[in-house]
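Notes follow the structure.
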Amino acid sequence: MTFNRNFGQGDKVKAAEAITPDKGWKDLPIGGIIPAAGNAESYETGDWRTFRPVCISEKCVHCLMCWRFCPDSAIIPEDGKFKQFDYHHCKGCGICVNVCPTKAIYFVSEDEISKADSEEKEKI
Amino acid sequence: MANLKELSKKEEILTGGHRLCAGCGHGIATRMILNAVDDPVVVGCATGCLEVATTIYPYTAWRCSFIHNAFENAAATISGVEAAYRSLKKQGKLKENFKFIAFGGDGGTYDIGFQSLSGAMERGHNMVYVCLDNGAYMNTGIQRSSATPRGADTTTSPAGTVIPGKQQFRKDLAAIMADHHIPYVAQASPNNWKDLYNKAKKAFEVDGPAFINVMAPCPRGWRYNTPDIADIMRLAYETRYWPLFEVENGRWKLNYKPKKYVPVEEWLKLQGRFRHLFNPENRHIIDEIQAEVDRRWDMLLERCGEKKE
Amino acid sequence: MSNVVEIRWHGRGGQGAKTAALLLAESASQVGKFIQGFPEYGPERMGAPVTAYNRISDKPIRIHCNIANPNVVVVLDPTLIGSTTDVAKGVPEDGIFIINTNKSPEEMRKKLGIKTGKVYTVDANQISLETIGRVIPNTPLMGALIRVTGIIPYEAFVEDTKKQLEKKFRSKPEVIEGNLKAIERAYQEVKGE
Amino acid sequence: MNKRVALTGNEAVAQAMKQINPDVVAAYPITPQTEIVQFFSSFVANGQVDTEFVTVESEHSAMSATVGAAAAGARAMTATSANGLALMWEVLYIAASNRLPIVMPVVNRALSAPINIHCDHSDSMGARDSGWIQLYSENAQEAYDNMIQAVKIAENPKVLLPVMVTMDGFIISHALENLEIIDDESVKNFIGTYKPDHYLLNAENPITMGPLDLYDFYFEHKRQQAEAMKNAKDVILEVAGEFKKLTGREYGFFEAYKLDDAEIAVIILNSAAGTAKDVVDELRAQGKKAGLLKLRVFRPFPYEEIAAAVKNVKALAVMDRAETFSNFGGPVFAPVRSALFDMKNDIKVVNYIYGLGGRDVVPEDVARVYADLEKIKETGKYDNLITYLGVRE
């Protein structure tokens, strides 16, 4: 059985736009209510990371222990399988690396990744 | 029994983008528990790490309706929401079915919020109360609570030269809640996720109040290597410090019995907050902790109708 | 302010001084009077001396304070006279005393130690015992009060009291009847000097 | 349509609550409010209301549950006195800040210590800066009328603030008085249906209420609250206007009693105002130009209107049934005196603290105040800025 709680989106987009620090008191929703449920999704916590989990897809058995233990909802499953990491939110805690029973996830320093990225760019 | 394949297809209630510490036990436990609810849910939260980190204005990580009132009144607040629900339902003003859950840390539950919790449970509101127990006031900077284990070094029970950490053993909150004779009480650990999921499911399904005490380790306050959280949680029940049990309509049931006797120091030694206990002059405290863990375990066996080992 | 009748009730906790004050006020209200009925609250429990008050007037009443100079004093328990409670305190020269006792007004005047005022007595304990079956002096005393002061027409008072009792004792018609009989008897039997 | 009845203040308030028929009431008993809770319990027990009654374990939880219920989208109420109000303190601010239109009768009683169950205004006056609208009531009639108006004021979209309706403990709460009550249907129509914009029990549009709000937005939210309190002034008068149409009874920010040509006047709240009116009548009969201003709305504080109302007065006494222990008199005194600061005339304003802990205030006490004012008017001088009226020296 699959279920979706179908939370309405409502005025979410509008509301999120309405609450910006350039707005004066007359233009903000009253009472400190946030009418945009789940809008933290757009907030990046990926930049907290110093190490990045990477999955070796051949080793992954899709047990989803990483999904189960991730404190940041940063494992994106698809149709009951591991699909990818959500690097926008992953804070690099490393729990998924340790709970993976097949050692399919390893940790790479973000330093090395940015180094590799820039080398890649240079090549091009 | 649901499996992870199926459960992972459910919509997340707590989105990413919240600002709990990397590797925080709260995030893990909260996601697991909310994974067990199928109806729309209203979440109440006591002041604490979970509340602060998930609702930094103008952002909220909650895709459901959420209310934070104050530190000591999460249970009372949700009981008000639930009463409103019952009233509006009764009057035909509301169609949807809702579930209600309140989260509190151990400070907001064992201590300052205890009266509010006890009252709400006694009144029989159809709500789930979850204590995310990390054994200290982590939100304000690791001060001791009545959930803090004996010997732990916290900022208000520091390991000093005369007094080596917290003096008292932890309050047994789950047992106290069981004595409220509410339909469902459980103690759980996210490491045994099936156990926690089942308990959350039962808690949401019973008619009346339910209470779950969940271990939610804090890497900062407990001072362990962040990725090791699963080991920390596993050893907590393997050493019998944090037994997994449930009390369903007054019947106590042990959910997990360790295969072999693991001394509590195996759990203590992984955590910086107990480091000072391993100095020779404090060794007796470890012995006292062990004796208390054994005593409480025996008591639990008796309550659960299990044979003493 | 002069057209206000001020009444002070003296009783012991449990005897119904407060109830009498409220019932009387309610009845007076029903016949179109402006009223106040209020007890003096303290930590009193059963048996302790208690005081309750009434103001009854043809004009709206705005004053909100205790009554210092009552026109009428009703004593539900004669043992209060001569105790620490001064039931005659502040009563003007033309004041009226209505006392629940089997003794005569003359005897009570002596006991009160007063020279002025008018003293009336009625054996409300005996009346209530015979009509209601229990010692409940407050209802018969109201009958005596109506007779002595003429503050409310007797028929209207009886009719309203009946209505009020019916609300409270719907399932006990004997209680209603007993109370009404008690009022009637006290109305008849109250004695003046 | 109006029915003349005899009710105690507590009965009158409970009657108003019954007619308002709130979705949720969460309350805890405390003397002298207890009867309200008892009466209301019997309405619930006898199916006379649709209310879910939450028998909380403390006033802190009473206000917390009321906040939860109001946030959920329900019309929610509670009631309290004295120490109960003090225990609610923290949550009072939260109710106002979350902009929840809760209505709460407060039966005025002195705060401890030593413990005292009788009337003064230290409880509600202490809560004056919590963001609640405050309506004071002279008698049972006003308490009843204020309760019904409060719902409409609180729920007005320009306001959305909680309202406290106060009456004097025992003096009004336990005294039987005449009043007129409105029929159920008219009350229902008058207050209308509560339709919040945002509420928790909305599966389509879930909300987060009570987030962590730091320096980047908190101030703006407080500014909105200040504006709502300002808006409440117009709304209070609008509602009073509609109420007059319904009942013929007139309400404003205050009642000006023989104030037009008054040279000496008193500002006073609640039950003692009635006693003072009798004194004014006597003084007028003696040819003295005495007047009275009975303040009904203390929050928002109608400073301009008060100043205008007393502008011709030569000597003014503000009577406070509470201390602030500020060495500058009671809680009504300071803002009244401040409101008169910009006036060109030479009005003398003094303060009388009276009736603490239920100390009876009799006409002679009030007459003494007017006598003092008469002297101040003549000499242009006063002996004491602050006088403790009726205290033993």
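Note on naming: letters A, B, ... go to the chains in the order of the sequence lines (proteins, then strands), and numbering restarts at 1 for each one. Keep in mind that what you see is a predicted model, and the values were worked out from it rather than measured.
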- Message: Counting heavy-atom pairs under 4.5 Å with chain B, which one of D:L214, D:V54, D:T51 comes out on top?
- Response: D:V54
- Item | Structural part of D:L200 lying under 4.5 Å from a heavy atom of chain B | both
- By a 4.5 Å heavy-atom criterion (distance strictly below it), what part of D:F53 contacts chain B: side chain, backbone, both, or neither? neither
- Message: Tell me which of these, D:P211, D:A26, D:S64, D:P22, has more heavy-atom pairs under 4.5 Å with chain B than the rest.
- Response: D:S64
- Would you call D:L92 and D:W132 a side-chain contact if the rule is heavy atoms closer than 4.5 Å? yes
- Top contributor to chain D interface from B:G119, B:A83, B:P58 [non-hydrogen pairs under 4.5 Å]: B:A83
- Item | Contact residues of residues 84-99 of chain B (partner chain D; heavy-atom separation under 4.5 angstrom) | B:A84, B:Y85, B:R86, B:S87, B:L88, B:K90, B:Q91, B:K93, B:L94, B:E96, B:F98
- Under 4.5 Å to a heavy atom of chain B? For D:T55 that would be both
- Item | Side-chain donor-acceptor pair present, B:Y59, B:R19, cut-off under 3.5 Å | no
- Task: Go through the atoms of D:S97 and report whether side chain, backbone, both or neither lie under 4.5 Å from a heavy atom of chain B.
- Result: neither
- Message: Whether the B:T109 and B:Y129 side chains hold a donor-acceptor pair (N or O, under 3.5 Å, no angle test) is what I'd like checked.
- Response: yes
- Query: With distance as the sole criterion, is a donor-acceptor pair present between the side chains of D:D213 and D:H221 under 3.5 Å?
  - Reply: yes
- Item | Residue of the set B:E246, B:K202, B:E205 for which side-chain hydrogen bond (donor to acceptor under 3.5 Å, both in side chains) holds with B:Y184 | B:E246
- Region of B:V52 that comes under 4.5 Å of a non-hydrogen atom in chain D: both
- Distance-only donor-acceptor check, side chains D:Q38 and D:S41, under 3.5 Å: no
- Message: Shorter than 4.5 Å, heavy atoms on both sides: which option in D:A72, D:A74, D:A69 has the most such pairs with chain B?
- Response: D:A69
- Message: Assess, by modelled atom type and distance only, whether the side chains of B:D111 and B:Y137 contain a donor and an acceptor separated by less than 3.5 Å.
- Response: yes
- Is it true that D:K18 and D:D184 have a side-chain N and a carboxylate O under 4.0 angstrom from each other? no
- Query: When you check the side-chain N and O atoms of D:Q149 and D:K152, is any donor under 3.5 Å from an acceptor?
  - Reply: no
- Any ion pair linking B:E6 and B:K9 (charged N to carboxylate O, less than 4.0 Å)? yes
- Query: So, D:H60 versus B:S116: side-chain donor-acceptor pair below 3.5 Å or not?
  - Reply: no
- Message: As an exercise: rank D:V91, D:T66, D:I207, D:V24 by heavy-atom pairs under 4.5 Å with chain B and give me the winner.
- Response: D:I207
